[in-house]
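First comes the structure, then the notes that go with it.
As the structure is a prediction and not an experimental result, all values here were calculated from the model.
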Amino acid sequence: MSRKLRATAFVGVLTLALSGCGGVGGGDDEKGGTATKGALSTMGFGFSDEIATTRIDAFKRDHPDVELKVTEGAFDEQQFLSAVASGNPPDLVYMDRKLIGTYAKRGSIQPLTDCVKKQDINLDQYRPAARAQVTLDDTVYGIPEFSTVRVVYLNEGLLKQAGMTVDQVNLADWAALPGLNAKLTTVSGGRLSRIGIDPKIPEFLPMWAKANGADMLSADGRTAHLDDPRVVEALTTGVNLIQQQGGWGKFKSFRDTFDFFGAQNPLSKKQIVAWPMEEWFLNQAAKNSPDVELVVKPFTDRQGKPLTQSGGQAWVITKGAKNPDAACAFVKQMTATDTWMAAAKARVDARKAAGQPFTGLYTANAEADKKIFDELYQPTGNKRFDDAVTTIRSVQDAAFALPASPAGAEFDKAYYDAVNRVLAGQEQPAQALRRAQQEATAALDKAAK
């Protein structure tokens, strides 16, 4: 899956990053990289599947003098900050890219300028949206891993039952969404038994706002636009869809029963008709429910132009890391093209052995993705899944991401809290977003000082 990776703007950013700042990276070894030995610890990562274990095994094989300790479990902010404050942090942390600007500004993580130089990490191989999320003030603070994008999933079987076709589902026509939602939703006796349209808010509000022509955060990550009327309209549209389906309490309670990772997923159980979601669900559906009547379409802006939001994790090296050299070698290998290829091959083999299809691997390394799809991917023979893969690959170039911000965590909290107040019936959208604008602005101003 290709991208235009050599953007002129990024070359300027990279030049400044490599010349203006220090950061991690130590003595050279005989290969021209950095010495890799001693203990190396991580936080926020786990051996969830063959994609993880294959890459970890590759690092252990190539760096036998490194004693790697992987502390499994999701990223925990309090645990992380406490470890940094105590002077005994893990060397590496695997975290959501949208948090990196905040921790960079606080000094909890280190610039990777020297790391990139000494390990000769080719930053051009990573997708522009992912690179932007790990770059603050022209300095790179993280190496991106996976790259999630969001597409629209449709249950064609349920659409047929409603007397509709896939082409009649147009999420770009906001005025028609209430009528469409009413046709697709099933509420009986005050009980929701089938979701028509799930707008996926608050988490997808930036994408709905972007579809309406608004950026919730400025490109430099320092100015909030949460009270923009176009953001208010986006929130109002999403909230109205949920209110139509019995309100947030009933809606969330029903949705919380969904098992997106198993055979009893909401597609197979006919619990939902249309919703935007990350591309990883296709992999789960192909694995667990190969016979579902699934159709995947691009999310679009209000003019019908494909649009998607990019997200994902990245590796960062902490302030006070005891083995930054080995940490740097680790982040390079975990995200390198050859390592991703080995992991994808392991996934292909595992799926083949289980009689299940391989629907691709989507990483922040565009060169790796292209090689995976050129050399390893084969159409499944199921037109629904093959078409879905084509759709997902096609929207990668339409991806935007919330930019790195010195108050990224606080910005997220401000708009999440606003949406939740509206969903709870405590405030109206405009009122909630005005308050969120004040909170986000205060956090951004404080970070700037």
Side-chain angles (χ1 to χ4, degrees), residues 1-7 10 14 33 45 47-63 92 94 96-97 112 115-116 119-135 140 142-151 278-280 282-283 286 308 310-316 327-352 357-380 388-399 401:
M1 160 183 339
S2 62
R3 297 222 27 146
K4 296 179 180 178
L5 291 174
R6 303 189 178 274
F10 185 73
L14 178 58
F45 189 74
F47 300 108
S48 56
D49 55 22
E50 65 276 357
I51 302 298
T53 56
T54 300
R55 292 180 297 138
I56 290 288
D57 289 346
F59 178 80
K60 289 180 176 178
R61 178 198 65 216
D62 293 346
H63 302 86
L92 287 156
Y94 188 65
D96 195 308
R97 292 198 288 268
L112 299 186
C115 170
V116 168
Q119 282 290 338
D120 193 24
I121 298 175
N122 175 20
L123 293 174
D124 280 354
Q125 68 190 329
Y126 303 110
R127 299 184 182 282
R131 291 195 313 245
Q133 282 193 301
V134 300
T135 305
V140 175
I143 300 298
E145 258 220 357
F146 290 100
S147 179
T148 63
V149 292
R150 297 160 179 185
V151 289
E278 293 88 353
E279 91 296 323
W280 58 256
L282 177 66
N283 178 50
T308 190
S310 171
Q313 279 68 37
W315 288 101
V316 300
C328 185
F330 180 91
V331 299
K332 177 180 181 178
Q333 186 153 13
M334 288 290 282
T335 63
T337 296
D338 289 348
T339 316
W340 281 123
M341 279 291 287
K345 179 65 164 56
R347 169 64 58 83
V348 170
D349 292 345
R351 288 297 171 84
K352 185 177 180 179
F358 171 66
T359 55
L361 193 63
Y362 303 92
T363 81
N365 183 334
E367 291 181 2
D369 282 8
K370 183 178 187 306
K371 194 169 183 180
I372 288 167
F373 279 96
D374 285 349
E375 300 181 18
L376 293 177
Y377 173 77
Q378 295 291 330
T380 67
V389 169
T390 299
T391 296
I392 291 168
R393 296 188 68 193
S394 73
V395 301
Q396 293 278 1
D397 285 331

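- P144 has its side chain within reach of R97: a pair of non-hydrogen atoms, C-beta onward, lies under 4.5 Å apart.
- For the atom pair K370 NZ and I372 CD1, the distance stands at 12.0 Å (nearest 0.5 Å).
- The side-chain heavy atoms of F47 and D57, taken from C-beta on, include no pair separated by under 4.5 Å.
- With respect to R351, the side-chain hydrogen bond (donor to acceptor under 3.5 Å, both in side chains) criterion is satisfied by exactly one of T359, T380, N283: N283.
- Between Q119 and A329, the shortest heavy-atom distance links the atoms NE2-CB, 3.6 Å.
- Here the shortest heavy-atom pairing between V134 and G142 reads CG2-O, 3.2 Å.
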Dump the intermediate steps for side-chain contact (heavy atoms from CB on, under 4.5 Å) on I392 and L282, then the final yes or no.
-> CA-CA 9 Å; I392 291 168; L282 177 66; 3.6 Å; yes
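- A salt bridge links R347 with D49: the distance from a Lys NZ or Arg NE/NH1/NH2 to an Asp or Glu carboxylate oxygen falls below 4.0 Å.
- Counting heavy atoms from C-beta on, the side chains of R61 and Q333 come closer than 4.5 Å.
- With sequence neighbours left out, the salt bridge (charged side-chain N to carboxylate O under 4.0 Å, His left out) criterion links E145 to R55.
- Atom-to-atom distance recorded for K352:NZ and Q378:CD is 10.0 Å, nearest 0.5 angstrom.
- Qualifying salt bridge (charged side-chain N to carboxylate O under 4.0 Å, His left out) partners for D349, counting only residues two or more places apart in sequence or in other chains: K345.
- Inter-residue side-chain proximity for Y126 and V140 is flagged as unmet; no heavy-atom pair is nearer than 4.5 Å.
- For the pair S310 (side chain) and A399 (backbone), a donor-acceptor distance under 3.5 Å is absent.
- With contacts defined as side-chain heavy-atom distances shorter than 4.5 Å, the pair L123/I143 qualifies.
- Considering only heavy atoms from C-beta on, F146 comes within 4.5 Å of I51 through its side chain.
- For W315, the ring pair (Phe, Tyr, Trp, His ring centres under 6.0 Å) test picks out F45, Y94, F330, with sequence neighbours left out.
- Qualifying side chain to side chain donor-acceptor pair (under 3.5 Å) partners for E278, counting only residues two or more places apart in sequence or in other chains: none.
- Taking both residues in full, the closest heavy atoms of D338 and K371 are given as OD1-NZ, 4.0 Å, listed atom of the first, atom of the second, then distance.
- Put simply, the side chain of Q396 reaches to within 4.5 Å of the side chain of Y362, judged on heavy atoms.
- Counting only distance, with no hydrogens or angles, the side chain of Q125 and the backbone of N122 share a donor-acceptor pair below 3.5 Å.
- Remark: the backbone N or O of I121 is not paired with any side-chain donor or acceptor of K332 at under 3.5 angstrom.
- Looking at F373 and V389, their side chains come closer than 4.5 Å, going by heavy atoms from C-beta outward.
- T54 places no side-chain N or O within 3.5 Å of a backbone atom of A346 that could act as its donor or acceptor partner.
- Checked by atom type and distance alone, the side chain of R127 never pairs as donor or acceptor with a backbone atom of A366 at under 3.5 Å.
- With sequence neighbours excluded, the residues satisfying side chain to side chain donor-acceptor pair (under 3.5 Å) with T363 are D369.
- Under the side chain to side chain donor-acceptor pair (under 3.5 Å) criterion, T337 pairs with N365, sequence neighbours left out.
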